There are 2 protein chains.
Amino acid sequence: MVAASDDDSPDDGHTRSDKGSQPNVSTGMLSAVMEDYIKTIYAIESDSDGRVSTSALADHLEVTAPTVSSMLKKLEERGLVDREEYKGVTLTEEGELVALEIIRHHRLLEAFLTEQLDYDWADIHDEADRLEHHVSEELTDRIAEALGNPPVDPHGDPIPDADLSFPKESETIRLADADEGGRVTVRRIRHQGDAELRYLADAGVRPEVELTVVDVAPFGMVTVETPAGEQSLPEEIAQLIEVAPAAAADGVEV
Amino acid sequence: MVAASDDDSPDDGHTRSDKGSQPNVSTGMLSAVMEDYIKTIYAIESDSDGRVSTSALADHLEVTAPTVSSMLKKLEERGLVDREEYKGVTLTEEGELVALEIIRHHRLLEAFLTEQLDYDWADIHDEADRLEHHVSEELTDRIAEALGNPPVDPHGDPIPDADLSFPKESETIRLADADEGGRVTVRRIRHQGDAELRYLADAGVRPEVELTVVDVAPFGMVTVETPAGEQSLPEEIAQLIEVAPAAAADGVEV
DNA sequence: ACCCTCAATTAGCCTTGTCTAATTCTCAAT
DNA sequence: ATTGAGAATTAGACAAGGCTAATTGAGGGT
């Protein structure tokens, strides 16, 4: 009964055949590790234009440069990145699709964890990071449906559609650049680690919340009035918060 | 295990002092593969008393016997199995706890997929098999809570509590042993592959459904009246169905 | 132009989990 | 008691991902 013809387990990146021990090279079926590289290349590409360097990847992925170097060669062979020796890589079209797929998984998982399972907004990253590589497209789509195909995740980051295109984003400015006395709605919180998220969650600053900008100090410290009270935010933090004028964004719909 | 470290010559005490490698040894971090071995050992142990043989594991896991052999040594080192050379293994207490944890993950995931995401009852196995190794205890417990801590999964298999003890099970008999003309409620469907589940799902036979046993043929073919009509089930299938008298099991409580 | 530094790559080894081929052990049948 | 079949284990390889040490390339400063 080993017959199993369509036994697809995209799960571990091991050889899937019976006897022939034929490497799964061809297309499809990336290992979780490769997916992480692709996702990270995409992320770095997104906010620092140009090629992505070996060392930048090594930093983000917390592995050594030689490890990255050899993986980049494999990704190049798979046609997922364009590589120029000693210069770094960029994602190919196909690589970008893979990245978007993973981002879709990740953000929908985050939305699901917060909305259906009552997870704390600032505490969902690790769970989603692990799960994103193991949920099927089927499950992803069902989650999306259960949530009503949300355009953004709990941090306000846009969620690619099933066809992997981003929904239209609303216009935003940095909280650090807002006018004193202005009334704004938090739209998105950019983030890398968990520390800032924790900080903001505790301060009651999260997407959908309306703020009044009380004061912008000379060196960037921003004081805002939240529903929970007044909060002072260091500039580094204020830079991560994207807001829209509260008036223009009336209601809940966008 | 090959040449370097994994020889089990009686008097080869050290060799294990490598500095560079971070031994995840101590308890806690098992690989997904190891978890699969543990889970499978538990499953085989459950319905065929005694030690679990290398070849039985090789069959179930679809790997070769030498692969199993070397893995069993590792599991023994981790204290998860008791191993007797050439005789097979049994789970230690600790190994059993690991197994129960995985079973809890698996069955709660199955329940969640069917109840909250509208998955087809017979189609959840693969998804749960992949995910069970990657969901945290936190997530597992939240899922359990969201479902109201169900005692059984969609196949009627009992779900271990958070403390890993099984809930009390209701008394059942095999459908194949039921009296002709009797009225019964389906309690549980035992299964290994997906084929029988598909068969039964299509026949409208699933847990909670009430059946009337129309006929039990000499060689085991059982004919039942389901809400959807009359169905004839081969003996192999009827043996997988556990039922309780519909009268005795009135309501939902037991 | 020439160095010197630092990033990137190559070389070589490790650990997991898997495989095939060869060997060894067990046990039931003679 | 012996033996032979079949199960289990050992031996040796391999692919994936990782690491350290050594080497090579790219560029900026003088």
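Bear in mind that the values here come from a model prediction, so they are computed numbers and not experimental data. Chain identifiers are assigned alphabetically (A, B, ...) following the order of the sequence lines, protein sequences preceding nucleic acid strands; residue numbering begins at 1 within each chain.
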Peer 1: In terms of the nearest nucleotide of DNA chain D, which residue is placed more toward the 5' end: A/Val33 or B/Ser53?
Peer 2: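 Comparing both residues, the 5'-ward one is B/Ser53.
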Peer 1: If you check the B/Thr64 side chain, which of D/dG17, C/dC19, C/dT10 turns out closest?
Peer 2: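 For B/Thr64, the side-chain atoms sit closest to C/dC19.
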Peer 1: Regarding B/Thr67, tell me which of base, sugar-phosphate or nothing describes its non-hydrogen contacts under 4.0 Å with the strands shown.
Peer 2: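 If one applies the 4.0 Å heavy-atom cut-off, B/Thr67 turns out to touch a base.
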Peer 1: A/Lys87 side chain N/O closer than 4.0 Å to the phosphate oxygens (OP1, OP2) of C/dA7?
Peer 2: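 No, because none of the side-chain N or O atoms of A/Lys87 sits under 4.0 Å from OP1 or OP2 of C/dA7.
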Peer 1: Tell me whether the count of non-hydrogen atoms from other residues, nucleotides or ligands lying under 6.0 Å of CD in B/Glu145 goes above 12.
Peer 2: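 Open.
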Peer 1: Taking only the side-chain nitrogens and oxygens of A/Arg51, find out if one of them lies under 4.0 Å from OP1 or OP2 of C/dA8.
Peer 2: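 The answer is no; no side-chain N or O of A/Arg51 sits under 4.0 Å from OP1 or OP2.
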Peer 1: Given C/dG17, is OP1 or OP2 found less than 4.0 Å from the side-chain N or O atoms of B/Ser31?
Peer 2: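 Yes, B/Ser31 has a side-chain N/O under 4.0 Å of OP1/OP2 on C/dG17.
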Peer 1: Please state how far atom CE in B/Met29 lies from atom P in C/dT16, giving the value in whole angstrom units.
Peer 2: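 Result: 10 Å.
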Peer 1: Quick test of your reading of the model: are A/Asp129 and A/Lys39 salt-bridged, counting only N-O distances below 4.0 Å?
Peer 2: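 Answer for the salt bridge query: yes.
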Peer 1: Choose from D/dA8, C/dT18, C/dT10 the nucleotide whose nearest atom is closest to any side-chain atom of A/Glu85.
Peer 2: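 The answer is C/dT10, which lies nearest to the side chain.
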Peer 1: Any carboxylate oxygen within less than 4.0 angstrom of a Lys/Arg side-chain nitrogen, looking at B/Glu169 and B/Arg188?
Peer 2: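 Yes, B/Glu169 and B/Arg188 are salt-bridged.
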Peer 1: Out of C/dA21, C/dA8, C/dT24, which nucleotide sits closest to the side chain of B/Pro66?
Peer 2: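 Among the listed nucleotides, the one closest to the side chain of B/Pro66 is C/dA21.
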Peer 1: Is the phosphate of D/dT23, meaning OP1 or OP2, less than 4.0 Å from a side-chain N or O of A/Tyr86?
Peer 2: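 So the side chain of A/Tyr86 is outside the cut-off, no N or O lying under 4.0 Å from OP1 or OP2 of D/dT23.
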Peer 1: Among D/dG18, D/dT9, C/dG17, which nucleotide has an atom closest to any side-chain atom of A/Val63?
Peer 2: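 For the A/Val63 side chain, the nearest candidate turns out to be D/dG18.
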Peer 1: Does OP1 or OP2 of D/dA8 have a side-chain N or O of B/Ser55 closer than 4.0 Å?
Peer 2: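 Indeed, a polar side-chain atom of B/Ser55 lies that close.
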Peer 1: Would you say B/Thr54 places a side-chain N or O within less than 4.0 Å of OP1 or OP2 belonging to D/dT9?
Peer 2: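 Indeed, a polar side-chain atom of B/Thr54 lies that close.
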Peer 1: Going by atom types only, do B/Glu127 and B/Tyr119 share a side-chain donor-acceptor pair under 3.5 Å?
Peer 2: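 The criterion, which ignores hydrogens and geometry beyond distance, is satisfied for B/Tyr119 and B/Glu127.
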Peer 1: Does C/dT18 have OP1 or OP2 under 4.0 Å away from a side-chain N or O of B/Tyr37?
Peer 2: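 So the side chain of B/Tyr37 is within the cut-off, an N or O lying under 4.0 Å from OP1 or OP2 of C/dT18.
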Peer 1: Please determine whether side chain to side chain contact (heavy atoms under 4.5 Å, CB included) holds for the pair A/Lys73 and A/Val68, giving the CA-CA distance in whole Å, both sets of side-chain angles, and the decisive distance to 0.1 Å.
Peer 2: CA-CA 9 Å; A/Lys73 267 190 263 181; A/Val68 172; over 6 Å; no
